[in-house]
Asker: 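Okay, here's the structure, questions in a sec.
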Amino acid sequence: MTAPAALTIRPYRETDHDAIYDICVRTGDRGDDISEQLHDPRLLPDLFVGPYLALEPELAFVLAAVHRPVGYILGTADTARFVAAYRERWLPRVARPSQAPSDEWLVHLLNRPEWMSHPELADEYPAHLHIDLLPEARGNGYGRALIETFRAALRTAGVPGMHLTTGVSNSSAQRFYRRVGFVPLPQEPPKGAIFMGQPV
Ligand SMILES: CC(C)(COP(=O)(O)OP(=O)(O)OC[C@H]1O[C@@H](n2cnc3c(N)ncnc32)[C@H](O)[C@@H]1OP(=O)(O)O)[C@@H](O)C(=O)NCCC(=O)NCCS
């Protein structure tokens, strides 16, 4: 696969919204497209993308080719504050019942944002993030550049550290995260996940 010639990192704009949703679905199965596995593929971006774009758009950055986004990083500076805002302002827009067994785990997470809340991480690593690149944008240093962009924004905001949750089975992403400074955290993660963190 050929990498796009020149990609740029820039702040998120509202017109990027649908493209970011699309990238989330197309990378949702450990980097592969998840749409065939879910009855309602929009569940994934409504959980892992939409609330950040709505609640903390200033912490969302887009990796863009000339005419379209090909990747993103987004997150929150303060997970506890984010979870409260999600429940109050985001959940009323997206809450829904599961319509198929395939979707039950995501609906469960979507409707109960407190799964993201980990008081034991709040002092050292209050921020958390999500990052996804389309296949053609990977392997060229842009993931690292996006992490550094996010780090700079957190530093400006005076945030001491960031964490992330990734699937135990996503060993490829874990190798990337280690290369860009994250280390596994000893705190007990949700089932099937691991916590990684680093100072900002
Ligand atoms: C994971 C991801 C964000 C990495 O972005 P990327 O642009 O491919 O990574 P970079 O090219 O910036 O790599 C940065 C460093 O990590 C290393 N790295 C990246 N992916 C790696 C992998 N799968 N295995 C080992 N090392 C890896 C690179 O070799 C590089 O090392 P160096 O800078 O020390 O030489 C991207 O591949 C992706 O979006 N994957 C699919 C979606 C996904 O899994 N997202 C995370 C969900 S938790």
Side-chain angles (χ1 to χ4, degrees), residues 1-10 12 16 19-38 41-53 56 59-66 68-76 79 82 105-106 109-110 113 115-116 118 121 125 127-154 161-185 187 189-198 200:
M1 212 170 291
T2 315
L7 303 181
T8 52
I9 296 175
R10 58 165 175 76
Y12 165 74
D16 298 321
I20 301 299
Y21 259 56
D22 184 54
I23 292 169
C24 179
V25 173
R26 287 167 64 191
T27 60
D29 179 19
R30 286 170 291 176
D32 293 328
D33 196 318
I34 201 169
S35 51
E36 295 297 313
Q37 299 175 39
L38 297 171
R42 205 178 159 89
L43 277 168
L44 201 72
D46 274 349
L47 174 58
F48 292 122
V49 165
Y52 303 91
L53 300 181
E56 286 182 62
L59 272 185
F61 299 92
V62 169
L63 179 64
V66 179
R68 67 189 172 105
V70 293
Y72 61 80
I73 190 165
L74 44 75
T76 175
T79 300
F82 174 78
W105 65 283
L106 279 175
L109 297 178
L110 184 80
W115 70 270
M116 286 179 257
H118 304 287
L121 300 179
Y125 310 104
H128 78 254
L129 65 92
H130 298 283
I131 179 171
D132 287 302
L133 276 61
L134 290 177
E136 67 264 30
R138 296 175 197 161
N140 286 288
Y142 291 112
R144 180 186 285 281
L146 284 165
I147 294 282
E148 293 311 318
T149 302
F150 190 76
R151 184 199 306 281
L154 292 180
M162 52 187 169
H163 74 274
L164 56 85
T165 310
T166 186
V168 170
S169 61
N170 196 349
S171 51
S172 175
Q174 286 165 37
R175 288 195 295 274
F176 162 74
Y177 290 132
R178 283 178 187 270
R179 295 295 294 181
V180 297
F182 285 90
V183 296
L185 298 177
Q187 287 84 354
K191 193 164 172 272
I194 67 164
F195 280 142
M196 300 182 88
Q198 66 168 303
V200 159

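Ligands are counted one by one from 1 in listed order, and the atoms in each one are counted from 1 as well.
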Asker: So is there a nitrogen or oxygen of Gly141 less than 3.5 Å from a nitrogen or oxygen in ligand 1?
Answerer: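 N/O-N/O distance under 3.5 Å: yes.
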Asker: Under 3.5 Å between any N/O of Thr27 and any N/O of ligand 1: does that happen in this structure?
Answerer: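 Not met; the criterion fails.
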Asker: Could you tell me whether atom 29 (O) of ligand 1 has at least one protein heavy atom nearer than 4.0 Å?
Answerer: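 No, there is no protein heavy atom closer to it than 4.0 Å.
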Asker: May I ask you to list the atoms of ligand 1 that are less than 4.0 angstrom from any heavy atom of Asn140?
Answerer: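 Near Asn140, meaning under 4.0 Å from one of its heavy atoms, ligand 1 has 11 (O).
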Asker: Are there over 12 heavy-atom neighbours, none belonging to Arg178, within less than 6.0 Å of that residue's CZ?
Answerer: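 For Arg178, atom CZ is not crowded (no more than 12 foreign heavy atoms under 6.0 Å).
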Asker: For residues Leu74 and Tyr12, determine if any side-chain heavy atom of one lies less than 4.5 Å from a side-chain heavy atom of the other.
Answerer: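 No - every pair of side-chain heavy atoms lies 4.5 Å or more apart.
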Asker: Does Arg144 reach ligand 1 with a nitrogen or oxygen that is under 3.5 Å from one of the ligand's nitrogen or oxygen atoms?
Answerer: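 Checking ligand 1 against Arg144, an N or O pair does fall under 3.5 Å apart.
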Asker: Please work out whether any backbone atom (N, CA, C, O) or any side-chain heavy atom from C-beta onward of Arg179 is under 4.0 Å from ligand 1, and answer side chain, backbone, both or neither.
Answerer: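 Answer for Arg179: side chain.
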Asker: So if I count the atoms of ligand 1 from 1 in the order they appear, which ones are less than 4.0 Å from some heavy atom of Thr166?
Answerer: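 Near Thr166, meaning under 4.0 Å from one of its heavy atoms, ligand 1 has 48 (S).
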Asker: Below 3.5 angstrom, do we get any N/O pair linking Ala137 and ligand 1?
Answerer: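 It does not: no N or O of Ala137 is found under 3.5 Å from an N or O of ligand 1.
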Asker: Atom 41 (C) of ligand 1: which of Ala193, Gly31, Gly71 has the nearest heavy atom?
Answerer: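 Minimum heavy-atom distance to atom 41 (C) of ligand 1 goes to Gly31.
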Asker: Please name the pair of heavy atoms, one in Ala173 and one in Thr166, separated by the smallest distance, quoted to 0.1 Å.
Answerer: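 The pair with the smallest heavy-atom distance is CB-OG1, 4.2 Å.
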Asker: Specify side chain, backbone, both or neither for Asn170, according to which of its non-hydrogen atoms lie closer than 4.0 Å to ligand 1.
Answerer: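 Near ligand 1, Asn170 shows its side chain, while the N, CA, C and O stay back.
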Asker: Report yes if Gly143 has an N/O atom closer than 3.5 Å to an N/O atom of ligand 1; otherwise report no.
Answerer: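 Yes.
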Asker: Between Ile194, Leu129, Asp132, Asp29, which one has a non-hydrogen atom sitting closest to atom 43 (C) of ligand 1?
Answerer: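 Comparing heavy atoms across Ile194, Leu129, Asp132, Asp29, the nearest one to atom 43 (C) of ligand 1 lies in Asp132.
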Asker: Kindly indicate, with the supporting measurements, whether the criterion salt bridge (charged side-chain N to carboxylate O under 4.0 Å, His left out) is fulfilled by Arg68 and Asp22.
Answerer: CA-CA 11 Å; Arg68 67 189 172 105; Asp22 184 54; over 6 Å; no
Asker: Looking only at distances, please establish whether an N/O atom of ligand 1 is found under 3.5 Å from an N/O atom of Ile131.
Answerer: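 Checking ligand 1 against Ile131, an N or O pair does fall under 3.5 Å apart.
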Asker: Who gets closest to atom 2 (C) of ligand 1 by heavy atom: Phe176, Tyr177, Tyr72, Tyr142?
Answerer: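 Heavy atom nearest to atom 2 (C) of ligand 1 belongs to Phe176.
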Asker: Please report whether ligand 1 has a polar contact with Arg175, defined as an N or O pair separated by less than 3.5 Å (distance criterion only).
Answerer: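 Yes; at least one N/O pair falls below 3.5 Å.
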Asker: So, for atom 22 (C) of ligand 1, does the protein have a heavy atom nearer than 4.0 Å?
Answerer: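 Within 4.0 Å: yes, protein heavy atom nearby.
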Asker: Relative to the ring of Phe82, is the ring of His128 parallel (under 30°), tilted (30 to 60°) or perpendicular (over 60°)?
Answerer: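 Perpendicular.
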